Amino acid sequence: MSAQGEFRFRLADRLDGVDSSPVRDLLDAVSKEGVISFAGGVPDPAYFEVEDIRAAYDWVFENHAERALQYASSEGEFELREQAAFRLERYMETTPEQIQVTTGSQEGLFVVAQALVNPGDVVLVERPTYLAAVQAFELNGARLIGVPTDENGVIPHELEKLIAEHSPKFVYLIPSFQNPSGVCMSVERRAAVADVLLRTGTALVEDDPYGELCFEGEPFPPIASHPGMSAQTILLNSVSKIIAPGVRVGWMRSEGPIQFTLTVAKQAIGLQSPVTDQLAVARYLATADVEAHLDKVRPVYAQRAKAMYRSLQRVLPDGAEVTQPDGGMFLWARLGHGIDTARLLEIALDEGVAFVPGASFFAHDPDRSTMRLSFVTHSPEVIDEGLDRLGRALAKY
């Protein structure tokens with residue numbers, strides 16, 4: 001018992017001493033009244049296809065109400081697995097049996113960690129990488145090592161060197177419009193990375209939630225589609241960015257014995273994903289014009305990305321580096337000059353603007369002068385106002 005009479009649970013070692021969560025802190029920043037938030041990748045709800053989504057749910061209750069409200073398989077509803085396989089067929093041969101449904105891709109990351117990671121196992125990640133992946137892997141005991149990156153993504157010879165040094169359990173990559181950097185790995189770089197992974201026999205966990213949000217041209221094929229790579233890759237996808245994030249549906253593609261292990265891990269975490277949502281998403285993907293929706297949001301996001309890049313050039317200190325993404329939801333800034341963006345955020349919130357300090361995106365040795373900003377939520381006019389506020393915060397820093 002504590003001095004106040006509160007019972008104190010004996011925490012697992014992996015959570016003992018954890019007094020904050022970057023994901024929770026991010027969501028708190030998003031919810032502050034009067035704050036223009038560039039913190040979360042929050043799509044503009046004005047572009048949700050509400051009527052198409054409502055029609056899909058209505059169809060489910062009109063035709064499969066009892067099934068939608070009942071227990072079901074851990075692997076997922078066949079109609080959804082079929083639609084997922086159909087979407088992946090553009091790049092690689094895929095069957096519904098190779099799809100494991102998840103409650104969003106974030107659950108997929110935790111399922112992968114449960115299935116693959118023993119305490120002390122090394123996982124190689126990009127530098128920087130997705131903060132919630134860092135959390136999922138580290139909570140399962142992984143030791144994360146960051147691989148240097150450039151404007152085309154992870155650097156192949158650095159990856160090969162670290163594989164030789166650490167014999168990692170797997171490599172985790174976000175090749176398309178990476179979170180947090182916004183960088184998209186070129187086709188040539190994907191081939192070079194695949195070559196390294198094939199020659200070294202190293203497993204890949206490929207996270208692809210943003211690939212379809214390219215501003216121009218066609219999405220790049222995943223690394224998993226490179227000849228020989230599909231058998232040693234777990235490929236994660238989500239409908240959060242192509243339908244709506246409130247619909248918590250994603251999936252993983254894998255081959256061979258790992259499929260059974262992923263299902264067992266999924267059962268232990270959540271038994272099954274909501275059947276109603278699965279059937280509605282399957283119906284939406286089968287009947288709605290998904291490409292028309294994407295064609296509508298892509299130019300909007302492109303305009304907002306350009307507006308944010310332009311305004312950042314105006315307010316950031318001389319010498320600051322800013323990525324200029326060709327898709328996705330985020331851009332990344334390195335301010336330099338010894339600026340600690342965690343301290344800057346405290347001032348920025350008082351000015352009425354939020355972003356995510358970059359330190360949480362590094363597996364180790366963080367660059368504390370970095371920050372992630374999302375451009376998808378607000379109009380160019382609101383973006384300009386928010387970055388004016390950031391400029392005032394920098395002046396006060």
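Please read all numbers here as calculations on a predicted model, not as lab measurements.
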Undergrad: Show your reasoning for whether side-chain contact (heavy atoms from CB on, under 4.5 Å) applies to Gln100 and Gln259.
TA: CA-CA 8 Å; Gln100 167 67 59; Gln259 292 178 255; over 6 Å; no

Undergrad: Quick test of your reading of the model: are Glu97 and Arg81 salt-bridged, counting only N-O distances below 4.0 Å?
TA: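 Result for this pair is no, no salt bridge flagged.
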
Undergrad: Under a 4.5 Å cut-off applied to non-hydrogen side-chain atoms, are Phe177 and Cys214 in contact?
TA: yes

Undergrad: From Asp208 CG over to Ile223 CD1, what is the distance, rounded to the nearest 0.5 angstrom?
TA: 9.5 Å

Undergrad: Donor-acceptor pair, Gln98 side chain versus Thr95 backbone, under 3.5 Å?
TA: yes

Undergrad: First locate atom NE2 of His293, then atom CD of Glu291, and finally report the distance between them rounded to the nearest 0.5 Å.
TA: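 Nearest 0.5 Å value for the NE2-CD distance: 10.5 Å.
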
Undergrad: Any chain of hydrophobic side-chain contacts (each under 4.5 Å) joining Tyr284 to Phe48?
TA: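 Different clusters: Tyr284 never reaches Phe48 through Ile, Leu, Val, Met, Phe, Trp or Tyr contacts under 4.5 Å.
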
Undergrad: Which atom pair, heavy atoms only, marks the closest approach of Gly120 to Arg143?
TA: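 Of all heavy-atom pairs spanning Gly120 and Arg143, the closest is O-CB, 4.3 Å.
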
Undergrad: Establish, from distance only, whether the side-chain atoms of Thr263 and Ser74 form a donor-acceptor pair under 3.5 Å.
TA: no

Undergrad: Which residues pass the side-chain contact (heavy atoms from CB on, under 4.5 Å) test with Val376, sequence neighbours left out?
TA: Tyr301, Met329, Ser374

Undergrad: Do Ser181 and Phe330 touch side chain to side chain, with heavy atoms closer than 4.5 Å?
TA: no

Undergrad: Between Arg372 and Ser360, is there a side-chain donor-acceptor contact under 3.5 Å, judged purely by atom types and distance?
TA: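 No, Arg372 and Ser360 have no side-chain donor paired with an acceptor closer than 3.5 Å.
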
Undergrad: Taking Leu344's backbone N and O only, do any of them form a donor-acceptor pair with Thr341's side chain (distance below 3.5 Å, no angle check)?
TA: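 No; judged by distance alone, with no hydrogens or angles, the pair does not exist.
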
Undergrad: May I have the step-by-step check of side-chain contact (heavy atoms from CB on, under 4.5 Å) for Glu158 and Asp150, ending in yes or no?
TA: CA-CA 11 Å; Glu158 296 283 359; Asp150 62 16; over 6 Å; no

Undergrad: Counting only heavy atoms not in Lys296 (residues, nucleotides, ligands), do more than 12 fall under 6.0 Å from its NZ?
TA: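 Atom NZ in Lys296 is crowded, with more than 12 foreign heavy atoms closer than 6.0 Å.
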
Undergrad: Heavy atoms only: give me the nearest Glu77-Ala72 pair and the separation to one decimal.
TA: OE2-CB, 3.0 Å

Undergrad: Honestly curious: do Met92 and Ile99 fall in one hydrophobic cluster under the side-chain, below-4.5 Å linking rule?
TA: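 The answer is yes; both residues are in one hydrophobic cluster.
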
Undergrad: Return all side-chain donor-acceptor pairs below 3.5 angstrom for residues 162-173, not counting sequence neighbours, or 'none' if the list is empty.
TA:
residue, atom, partner, partner atom, Å
Lys169, NZ, Leu116, O, 2.7
Lys169, NZ, Asp121, OD2, 2.6
Tyr172, OH, Asp207, OD2, 2.6

Undergrad: Within the 4.5 Å heavy-atom criterion, are Asp52 and Ile243 side-chain neighbours or not?
TA: no

Undergrad: When rounded to the nearest 0.5 angstrom, what distance separates CG in Leu285 from OG1 in Thr287?
TA: 8.5 Å

Undergrad: Answer with yes or no whether the hydrophobic clustering places Val290 together with Trp251; edges join I, L, V, M, F, W, Y residues whose side-chain heavy atoms lie under 4.5 Å apart.
TA: yes

Undergrad: Under the salt bridge (Lys or Arg N to Asp or Glu O under 4.0 Å) rule, collect the residues that match up with Arg127, sequence neighbours excluded.
TA: none

Undergrad: Does atom CD of Glu93 have more than 12 heavy-atom neighbours from other groups under 6.0 Å away?
TA: no

Undergrad: What is the distance from atom OH of Tyr57 to atom CG of Asp277, rounded to the nearest 0.5 Å?
TA: 3.5 Å

Undergrad: Using the side-chain contact (heavy atoms from CB on, under 4.5 Å) criterion, which residues pair with Pro325? Sequence neighbours excluded.
TA: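 Per chain and number, Pro325 pairs via side-chain contact (heavy atoms from CB on, under 4.5 Å) with Thr323, Leu331, Phe375.
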
Undergrad: In the structure I gave you, are the side-chain heavy atoms of Val111 and Met252 within less than 4.5 Å of one another anywhere?
TA: yes

Undergrad: With the threshold set at 4.0 Å, does a side-chain nitrogen-carboxylate oxygen contact exist between Arg343 and Glu346?
TA: no

Undergrad: With no hydrogens and no angle check, just 3.5 Å: does a side-chain donor-acceptor pair link Asn179 and Tyr210?
TA: yes

Undergrad: Name the one of Met229, Glu160, His226 that satisfies side-chain contact (heavy atoms from CB on, under 4.5 Å) with Leu197?
TA: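 Single side-chain contact (heavy atoms from CB on, under 4.5 Å) partner of Leu197 among Met229, Glu160, His226: Met229.
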
Undergrad: Should the pair Arg283-Glu79 be classified as a salt bridge under the 4.0 Å nitrogen-to-oxygen rule?
TA: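 So Arg283 does not pair with Glu79 through a salt bridge.
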
Undergrad: With a 3.5 Å distance limit and no angle check, can you tell me whether Gln324 reaches the backbone of Tyr309 through a side-chain donor-acceptor pair?
TA: no

Undergrad: Show the nearest heavy-atom pair for residues Asn152 and Ser186, with the distance to one decimal.
TA: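 For Asn152 versus Ser186, the nearest heavy atoms are OD1-CB, 3.7 Å.
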
Undergrad: Quick test of your reading: applying salt bridge (charged side-chain N to carboxylate O under 4.0 Å, His left out), list the pairs with at least one residue in residues 326-339, sequence neighbours left out, ordered by first then second residue.
TA: Arg334-Asp367

Undergrad: Within the 3.5 Å criterion, strictly below it, is a donor on Thr233 or Glu206 matched to an acceptor on the partner's side chain?
TA: no

Undergrad: Using the side-chain contact (heavy atoms from CB on, under 4.5 Å) rule, take Thr276 and Phe61 through it: C-alpha gap first, then chi angles, then the decisive distance, then the call.
TA: CA-CA 8 Å; Thr276 308; Phe61 280 103; 3.7 Å; yes

Undergrad: Would you please test Arg90 and Glu218 for salt bridge (Lys or Arg N to Asp or Glu O under 4.0 Å) and show each step?
TA: CA-CA 11 Å; Arg90 292 175 289 177; Glu218 295 296 317; 6.0 Å; no

Undergrad: Quick check: closest heavy atoms across Phe38 and Leu387, and the distance to 0.1 Å?
TA: CE1-CD2, 3.8 Å

Undergrad: Side-chain contact test, heavy atoms from C-beta onward, threshold under 4.5 Å: evaluate it for Phe9 versus Phe7 and give yes or no.
TA: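 A side-chain contact under 4.5 Å exists here.
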
Undergrad: Taking it one step at a time, do Val193 and Leu159 satisfy side-chain contact (heavy atoms from CB on, under 4.5 Å)?
TA: CA-CA 8 Å; Val193 168; Leu159 176 64; 4.0 Å; yes

Undergrad: Side-chain contact test, heavy atoms from C-beta onward, threshold under 4.5 Å: evaluate it for His364 versus Leu144 and give yes or no.
TA: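 Not touching, per the 4.5 Å side-chain cut-off.
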
Undergrad: Is there a path of hydrophobic side-chain contacts, each under 4.5 Å between heavy atoms, that joins Val382 and Val315?
TA: yes

Undergrad: Between Glu216 and Arg298, does at least one N-O distance fall below 4.0 Å, as a salt bridge requires?
TA: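 No, Glu216 and Arg298 are not salt-bridged.
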
Undergrad: Kindly give the heavy-atom pair with the smallest separation between Thr149 and Glu126, and that separation in Å.
TA: CG2-CB, 4.0 Å

Undergrad: So which atom in Tyr91 and which in Pro221 form the shortest heavy-atom distance, rounded to 0.1 Å?
TA: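 Closest approach of Tyr91 to Pro221, heavy atoms only: CD2-CA, 3.7 Å.
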
Undergrad: Going by atom types only, do Asp384 and Ser311 share a side-chain donor-acceptor pair under 3.5 Å?
TA: yes

Undergrad: Below 4.0 angstrom, N of the basic side chain to O of the carboxylate: do Arg87 and Glu82 qualify?
TA: no

Undergrad: I want to check something: taking the side chain as every heavy atom from C-beta on, are Glu75 and Val101 in contact at a cut-off of under 4.5 Å?
TA: no

Undergrad: For a quick check under 3.5 Å, do Ser240 and Arg248 share a side-chain donor-acceptor pair by atom type?
TA: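 Yes, side-chain donor-acceptor contact under 3.5 Å.
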
Undergrad: Same cluster or not: Phe86 versus Phe78, using hydrophobic residues (I, L, V, M, F, W, Y) connected whenever any side-chain heavy atoms lie under 4.5 Å apart?
TA: no

Undergrad: NE2/His378 to CG/Asp44 distance, rounded to the nearest 0.5 angstrom?
TA: 9.0 Å

Undergrad: Let me have the donor-acceptor pairs involving side chains of residues 349-358, under 3.5 Å, with sequence neighbours excluded, atom names and distances please.
TA:
residue, atom, partner, partner atom, Å
Glu351, OE1, Arg392, NE, 3.2
Glu351, OE2, Lys396, NZ, 2.4

Undergrad: So, do Val154 and Leu124 sit near enough that their side-chain heavy atoms are less than 4.5 Å apart?
TA: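 Heavy-atom side-chain distance check fails, nothing below 4.5 Å.
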
Undergrad: Any chance you could measure Asp388, atom CG, to Ile383, atom CD1, to the nearest 0.5 Å?
TA: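 The CG atom of Asp388 sits 12.0 Å away from the CD1 atom of Ile383.
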
Undergrad: What I want to check is whether the side chains of Gln106 and Tyr130 have a donor and an acceptor closer together than 3.5 Å.
TA: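 Yes, side-chain donor-acceptor contact under 3.5 Å.
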
